Amino acid sequence: MTVFDISSPDQIKDALDWAISEKQSLSISGNGSKESLGRPMEVAAELRLANLSGVRMYEPAELVMKAAAGSSFNEINAVLHENDQQLAFCPPDLGPLLGQGAGLGTLGGVFCSNLSGSQRIKMGAARDHLLGVNGFTGRAQAFQTGSRVMKNVTGYDLCKLVAGSYGTLAVCSEFTFKVLPKPEKLRTVLIFGQEPNAAVITMRDAMSSVHEVAAAAYLPEQIAGRTNIDYVSNANRAVTAILIDGNGPSVDFRLNALRSMFDAQGELEELHSKRSSELWKFVSDVGAYVEDQRRLVWRVSLPPSDAADYIFRLRQQIEDLEYFMDWAGGLLWLSLPEGLEDAGQGIVRSQIRNGGHATLIRASSDIRSRVEVFQPVDVVKARISEKIREGFDPYRILNPARMYSIG
Amino acid sequence: MVMMPKPNEEVIAKRGYLVQRLRQIIRDPEAVIDEEAGLRAFECDGLSAYRQLPMIAVLPETKEEVAEVLKFCASEGVNVVPRGAGTSLSGGALPLADGVLLGLGKFNRILEVDYNNRCAVVQPGVTNLAITDAVKSDGFYYAPDPSSQIACTIGGNIAENSGGVHCLKYGLTTNNVLGVEMVTMDGEIIRLGGKHLDAEGYDLLGVITGSEGLLGVITEVTVRLLRSPQHVTAQLIGFPSSEQAGDCVGRIIAAGIIPAGMEMMDKYAIHAAEEFCHAGYPLDVEALLIVELDGPEVEIAHNNSLIEKIAGDCGASVIKQSQSEEERLTFWAGRKAAFPAVGRISPDYMCMDGTIPRSQLPLVLKRMNELSNKYGLRVANVFHAGDGNLHPLILFDANIPGELEKCEQFGADILKLCVEVGGVLTGEHGVGIEKRDLMGEMFSEDDLKQQQRLKCAFDPEGRLNPGKVFPVLHRCAELGKMHVHNGKLPFPDIPRF
């Protein structure tokens, strides 16, 4: 297969011109760490953007950075680290989960899949931090949307559309995004031995408190045992984890307040900054499901209060279900045994009762070609989405059928 | 003056028939308004320099009625302008002479407050403040707080992606909305999002928010509720120059502090506000910052001492910390009353709204001063300093012939300046008609066409709110093809204004 190794925006245009004139389709990737996320595609050529990298503009006092789409997170984080700043939505590194190496993720990959880590419930999603996009549509036309300022309502917010479009609308060359100060201190309160129902209530109470909780997760015993943090892995019980961050005095105060709030819920422990970082990286990166690559992995977003009931219903129908909760119950990561008919999509999706969606994150390419990887949308939304795509990529040359089989 | 598309005489000619049919669709006969006295109430929004009676006004009560009205209008080739409370400052709800004005004021119920999922489901005609009022006794609030929050509706907030003084820390409307129910121009009802996070498929909710009523009509909204902070305090910090104040803002943020709000006023605005409501503002300073912090007391104390040190280093001449909730509100009363206060000292004023990279503030202020001298019109400045959102208030007298036009020209020059230094035409008020003809300053023709292709996906006939946001109305068929042959534009008859 032809590979276009892109190192300048002009080369993107050349590749698109070629694809249009030759009536050929392209797959778009950064480093390929999420190549297996989505429906398998038959394309004539691959557009690789990993060499289109580098920070174009960074103004720490303005909380803004612009960088090329192929820049790796390691590169971006190193620059931000020098100024005690970070990407506040804590982009997950799903490379290892998907059977790839760690640290391969690129800006383009994360923004185009709108994947966010555990802190999403407080800090917003990747899409909320995206301020501007430069790139090319499937018409091989340069396009630009948004800007470099935080507050901007000039014209339609096409950044939102690009985020989460999995490269089906445009090939992005540069992103401008918001960065935020790195919190001085992290603390995680651990509550041991809760049942899922009780954990959902605990997480609700934490999120509803005045203590500005940054993340809340529930790890059943089996999952907790897979972390490399002694307090969690040696607990031999389920662990509910509540993260707070901020400046020293504030974190100390809130930590004590949360500890007394949950004192009656069971035995408590706390993790300091380094271990907190490790635990939340394990949760965000779905570290629990890295080892056994054969199992199917689903990601389910639903109203947080539905989480425990949803799991209860699933367990009645799927033996050997593994799960854990992030986003205070609003995000469920499921691991299902291989060999399940339809990869379990019928059960996983039909049990979502009050709104939500499920994405098949890991499965063989054979399964991904048979099962809807992304949640099917209703007919009106599907029609509007196809027309949007028509506007951006009328020849359907960009990641065709990666999201949906239609079109 | 901005020109609107030429009204379609054929549509106007069948007004009687349209009224009759609309009365069959809408249950309440009085909710279809065709008399001039009744229509007068809708003739303008917050951009009152522009007025136009709608052909007909319709006030539906249910989403089914909205769907039927839109479907009917689509089939009759009639344009529709949706309207919430009509507080838009950019003319987004300006009626059309050949259009139906769709008022959503009757959608005024809070349908559900769900603390388990920290959200509320409300109808679009509920005011922004009413959401907070409904949940504040339980310790919650809805974060975006545009200054018109007492009157503006949540439906309008979605249309404009409204901000407010707290968006530096808590985001704009788009960051605080979880879902909507929406009716498309062809009368189909769809739900986008809900009580869960992030979208399945394309993020249509993200593009609906801030689309200025051009893509669909919102009939229900699910918003995120936040727990009210434990403590809130404000500091007034006065500086001998705007440059020092701007420098202080940058250094506070660079020190890792994200205040809940950070506002700046120039001397002219300080004096007007102080005279109007005696907020205790120092009068011997050139620029004043209001810095609000929220959180636990220990955090506020920690950050306050850091801010005091930074302010001192930047040359602050006055630092005053609110000692009570009452005093904090007084500090804000002056800022919130800045617009009416300026209104008192001038027969008319026009409020502009651009955003700039903060580092460009000294340059922009200097250039704005030069423009003020050039046009002979005074300007008072209030800014959402934390995020670089400027609100210059240009003072003028509409009774003096030519002064409105001069003021508009001055305003346009300010916005062009914002774009020139890397900023944008509008930070929170929207493009509407006010900045429509300036869109070319910020976007290339190709970029504008790409945006209009999005419109084509939702409303291919261009019936919803035409004449707003985009300076040239392209036909969707033309946007689909996009080829210029032998230098000749296709569709030479399309409206360009």
Side-chain angles (χ1 to χ4, degrees), chain A residues 59-63 84 114 120 124-125 127-128 137 141 143-144 147-158 160-161 163-165 181 204 207-210 212 246-247 249-250 253-254 301-305 327 330 354-357 374-375 377-378 380-381 384-385 387-388 391 394 403, chain B residues 115-118 160-161 163 167 171 174-175 188 190 194-204 206-207 209-211 227 229-230 250 253-254 256 295-296 298-299 302 355 357-359 387-389 422-428 430-431 439 442-443 446-447 450-451 453-454 456-458 469:
Chain A
E59 292 185 20
E62 303 241 358
L63 305 174
D84 288 326
N114 190 33
R120 191 253 180 270
R127 55 92 102 167
D128 295 298
T137 64
Q141 276 175 347
F143 110 109
Q144 175 206 331
S147 73
R148 53 161 292 177
V149 297
M150 306 287 155
K151 256 173 121 176
N152 174 20
V153 295
T154 322
Y156 297 132
D157 189 354
L158 298 184
K160 297 286 188 295
L161 208 52
S165 66
R204 175 200 68 189
M207 294 308 298
S208 303
S209 76
V210 293
E212 295 188 44
N247 69 39
S250 173
F253 171 82
R254 287 181 287 146
S301 171
L302 77 183
S305 66
W327 298 359
N354 299 306
H357 49 91
F374 295 91
Q375 180 84 21
V377 295
D378 75 52
V380 180
K381 189 175 170 187
I384 293 172
S385 300
K387 286 189 191 163
I388 289 174
M403 291 184 82
Chain B
Y115 292 127
N116 280 327
N117 292 304
R118 297 166 296 286
E160 303 294 325
N161 189 14
C167 33
T174 188
N175 313 112
E188 289 188 284
I190 55 173
K195 293 178 178 178
H196 57 280
L197 294 173
D198 299 341
E200 65 268 32
Y202 294 151
D203 185 2
L204 302 189
V207 283
T209 310
S211 63
R227 181 66 193 249
Q230 215 167 0
I253 289 173
V298 283
E299 177 181 321
H302 178 88
T355 307
R358 255 187 295 101
S359 57
D387 37 35
N389 187 195
V424 300
L425 293 174
T426 171
E428 56 182 0
V431 176
M439 286 290 272
M442 194 169 145
F443 296 106
D446 281 347
D447 287 333
Q450 194 55 43
Q451 292 198 32
R453 288 190 188 102
L454 180 73
C456 294
F458 287 85
V469 183

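None of these values were measured; they are calculated from a predicted model. So you know, we letter chains A, B, ... as the sequences are listed, proteins then strands, and number each from 1.
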Does the [X] side chain pair with the main chain of [Y], one donor and one acceptor, at a distance under 3.5 Å?
| X | Y | answer |
| --- | --- | --- |
| B/Q450 | A/G391 | yes |
| B/Q451 | A/Y156 | yes |
| A/E62 | B/S359 | yes |
| B/T426 | A/T154 | no |
| A/K381 | B/E200 | yes |
| B/E299 | A/N247 | no |
| A/H357 | B/D198 | yes |

Which atom pair, heavy atoms only, marks the closest approach of [X] to [Y]?
| X | Y | result |
| --- | --- | --- |
| A/S250 | B/P296 | OG-CG, 3.8 Å |
| A/V153 | B/E160 | CG1-O, 3.6 Å |
| A/D157 | B/G206 | CB-O, 4.0 Å |
| B/C456 | A/K387 | O-CD, 4.4 Å |
| B/V207 | A/K160 | N-CB, 4.4 Å |
| A/S385 | B/L204 | OG-CD1, 4.4 Å |

Report task. Before giving the answer on side chain to side chain contact (heavy atoms under 4.5 Å, CB included), spell out for B/Y202 and A/I384 the whole-Å C-alpha distance, their side-chain angles and the decisive distance to 0.1 Å. Result -> CA-CA 10 Å; B/Y202 294 151; A/I384 293 172; over 6 Å; no
What I'd like to find out is whether the side chain of [X] reaches to under 4.5 Å of the side chain of [Y], using heavy atoms alone.
| X | Y | result |
| --- | --- | --- |
| A/R204 | B/R118 | yes |
| A/P304 | B/N116 | no |
| A/F253 | B/Q230 | yes |
| A/N152 | B/T355 | no |

Report task. Just give me the residue among B/S211, B/A254, B/G210, B/G194 that pairs up with chain A most often, heavy atom to heavy atom, under 4.5 Å. Result ->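 When all of B/S211, B/A254, B/G210, B/G194 are compared, B/S211 has the most.
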Query raised in the report: Among A/G124, A/G246, A/A61, which residue forms the greatest number of heavy-atom pairs with chain B at distances under 4.5 Å?
Result: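 Ranked by heavy-atom pairs under 4.5 Å with chain B, first place is A/A61.
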**Report entry** Heavy-atom proximity to chain B below 4.5 Å, by part of A/S165
**Finding:**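 It is both, since atoms from each part get that close.
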**Report entry** Residue part contacting chain B, namely of A/P249, when any heavy atom lies under 4.5 Å
**Finding:**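 Backbone plus side chain of A/P249, per the 4.5 Å heavy-atom cut-off to chain B.
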Query - Contact origin within B/Y115 toward chain A - heavy atom pairs under 4.5 Å - result: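 When you check distances to chain A, only backbone atoms of B/Y115 fall under 4.5 Å.
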